[in-house]
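Here the structure is a predicted model, which is why all the values come from computation and not from measurement. Quick note on labels: first sequence line is chain A, next is B, and so on, each numbered from 1.
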Number of protein chains: 2
Amino acid sequence: MGERGQGARFAPIERRRAYEQVVERIEQAVFSGALTPGERLPSERELMGQFAVSRSTVREALRVLESNGMVRSSPRDPRGPVILPFSPAHLHKSVTRLASVTELSLAELLQFRMMLEGSASFLATNRLAAGQATAEQLAEIEAAMDDMRAAEGRIEFGRADLAFHDAVARASGNSLVQVCTHAVHTVVLGIIEDKLDKAEDYARIAERTLGHHEQLIEAIRSGQGGVASRIARASLCDYYAEYLPEAERELLRTFAQGS
Amino acid sequence: MGERGQGARFAPIERRRAYEQVVERIEQAVFSGALTPGERLPSERELMGQFAVSRSTVREALRVLESNGMVRSSPRDPRGPVILPFSPAHLHKSVTRLASVTELSLAELLQFRMMLEGSASFLATNRLAAGQATAEQLAEIEAAMDDMRAAEGRIEFGRADLAFHDAVARASGNSLVQVCTHAVHTVVLGIIEDKLDKAEDYARIAERTLGHHEQLIEAIRSGQGGVASRIARASLCDYYAEYLPEAERELLRTFAQGS
DNA sequence: GAGGGCGAGCTGGTCGGACCAGCAGACCAG
DNA sequence: CTGGTCTGCTGGTCCGACCAGCTCGCCCTC
């Protein structure tokens with residue numbers, strides 16, 4: 001690759017800006033547990049004294065932390081900025097930007113969801129069989145299922161559906177899977193939002209979806225991880241295939257059946 | 001769940017802060033393509049005039065954009081802040097924070113990697129078979145493999161290994177898979193960094209890894225997607241199992257074989 | 001004693017001005 | 001074409017100021 005002397009690269013010189021150090025100190029305090037979600041930071045003027053920097057510097061640090069979703073400072077709240085619990089919102093933002101900047105197609109997002117939810121179903125099944133997942137988690141899934149059955153209208157159905165997928169992801173016991181599932185799911189919803197309205201035959205789609213979900217629950221309950229995984233994937237493929245260009249459907253179908 | 005009257009939620013009242021509007025305007029300019037990566041923003045003083053806000057406000061906006069990885073302002077660069085191409089760094093940061101804040105265990109990260117790389121291998125295989133993936137991508141994988149063989153020392157080997165996994169992810173044709181693979185891989189490396197040094201029998205591990213990778217390439221080449229997926233997962237499981245508590249290994253092994 | 005109204009005190013948001021160190025690019029000598 | 005110098009403007013940081021408004025404690029009413 002035309003590079004020279006890459007054996008001994010020099011580390012880039014980079015003086016650290018004051019506000020970055022403030023950010024790191026506060027981040028560290030949160031990570032180490034010295035500051036827990038719900039607690040509040042001192043006021044900007046107080047912080048300015050503690051760190052011995054100007055208020056501008058403190059504010060820039062707070063803006064960074066706020067943009068990272070670690071802190072929220074309500075305007076004119078005398079109690080100071082509050083430490084936020086971790087939320088997948090940040091991850092959601094990352095994925096959304098990835099989707100809007102790069103040519104991240106719907107097909108890629110769906111592949112990703114199939115992968116996530118297939119694995120989640122598999123893991124949930126095996127954890128349940130091994131007694132690591134609680135019966136409560138299965139009950140949650142079934143409760144979400146009931147909500148879907150009872151749902152009236154597309155919006156309510158969509159909400160219940162999201163809850164169902166979330167419940168399965170939660171049962172996987174893997175919080176990364178869970179967070180990503182939710183994030184990507186909402187991104188997909190944002191993309192097909194407009195197309196969804198035009199979808200004719202909503203009742204038929206709901207019917208099919210319910211059928212898939214019932215099969216999924218059955219597979220999970222009976223400990224058939226592989227089957228559960230395949231059903232989860234096939235369900236997604238079935239549900240969204242119509243929004244895809246013909247050329248991309250084939251690979252998705254293969255992915256749904258395979259592995 | 002115990003929610004009441006969720007049908008008609010009120011939109012949260014929230015006056016928009018000036019710097020947030022500046023952020024959005026600039027973001028929009030980037031998303032719409034009016035500003036492309038590599039171009040430069042006007043100087044802070046210029047921006048302050050254009051938006052008719054104070055420099056503090058402009059700076060806070062720039063700090064947010066910078067923290068989001070959309071812009072970088074080099075200290076005292078008279079040319080102004082530069083628009084950055086999208087990079088997975090932001091996603092990597094999200095995942096890293098997810099790993100440090102929540103009790104994201106190594107087991108969860110590994111499950112996630114097995115899922116990602118298993119799917120990537122499957123997709124790459126089928127894309128290759130369908131003529132959608134280029135032979136170049138396969139060649140890239142093999143080149144990375146050669147680098148691993150030629151690598152001397154743990155560090156160089158690790159770097160080549162990372163490149164290998166990246167190449168497979170790239171061949172999957174799914175940029176989300178690719179980005180996540182890289183992000184989670186580096187997070188895992190960060191976690192086991194210290195433990196890695198103590199690993200005895202480095203030569204044996206390298207040997208086994210090379211063997212797995214050879215099998216993987218063979219499976220990809222011969223169009224056996226399911227096999228490729230299983231090998232990829234098993235390889236990870238084999239490589240990292242020793243760092244896991246006994247109780248968590250079983251599920252991982254099941255996941256490696258199953259689906 | 002309990003509840004509601006009210007003011008004080010401080011907060012965050014924004015502004016304007018100021019200083020410094022240092023980079024890019026122009027300019028100049030070789 | 002090279003290497004050095006100069007300089008204008010930049011970003012980083014600081015200071016001081018003003019405003020609108022949220023909290024909280026005080027006080028008054030019932």
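Distances shorter than 4.0 Å separate some side-chain N or O of R79(B) from OP1 or OP2 on dA24(C). OP1 and OP2 of dG12(D) both lie 4.0 Å or more from every side-chain N or O belonging to T57(A).
The CG-P distance, from D77(B) to dC9(D), rounds to 15 Å in whole Å. Rounded to a whole Å, the CZ atom of R59(A) is 6 Å from the C1' atom of dG12(C). Following rounding to the nearest Å, Y19(B) (OH) and dG13(C) (P) show an atom-to-atom distance of 7 Å. Rounding to whole angstrom units, CZ of residue R55(A) and P of dG16(D) are separated by 13 Å. Atoms CD (E66(A)) and P (dG13(C)) sit 7 Å apart, rounded to a whole Å. Straight-line distance from the CG atom of L47(A) to the P atom of dG12(C): 9 Å, rounded to whole Å. Spacing between atom CZ of R17(A) and atom C1' of dA21(C) amounts to 15 Å, rounded to whole angstrom units. Residue R72(B) contributes atom CZ, which lies 14 Å from atom P of dC23(C) at whole-angstrom precision.
For Y240(A) and R113(A), the side-chain atoms include at least one donor-acceptor pair closer than 3.5 Å. Under 3.5 Å, the side chains of T36(B) and E39(B) contain a donor-acceptor pair of N or O atoms.
Residue R63(B) is in sugar-phosphate contact alone, with no base atom involved, counting any heavy-atom pair closer than 4.0 Å across all strands shown. Looking at heavy-atom distances under 4.0 Å, S56(B) makes contact with a base.
Closest to the side chain of R76(A), out of dC14(D), dT14(C), dG12(C), is dG12(C). You'll find that the side chain of S73(B) is closest to dG11(D), out of dG11(D), dT14(C), dT13(D). Listed nucleotides dC15(C), dT13(D), dT11(C) differ in distance to S43(A); the shortest reach to its side chain belongs to dT11(C).
Of the charged side-chain nitrogens involved, at least one lies within less than 4.0 Å of a carboxylate oxygen, so that E24(B) and R16(B) count as a salt-bridged pair.
Minimum interatomic distance between N174(B) and Q111(A) (heavy atoms only, all atoms of both residues): ND2-OE1, 2.8 Å.
Each of S54(B) and R45(B) was assigned the nucleotide of DNA chain C with the nearest heavy atom; the assignment lying further toward the 5' end belongs to S54(B).
Ring geometry for H213(B) versus F164(B): interplanar angle under 30°, hence parallel rather than tilted (30 to 60°).
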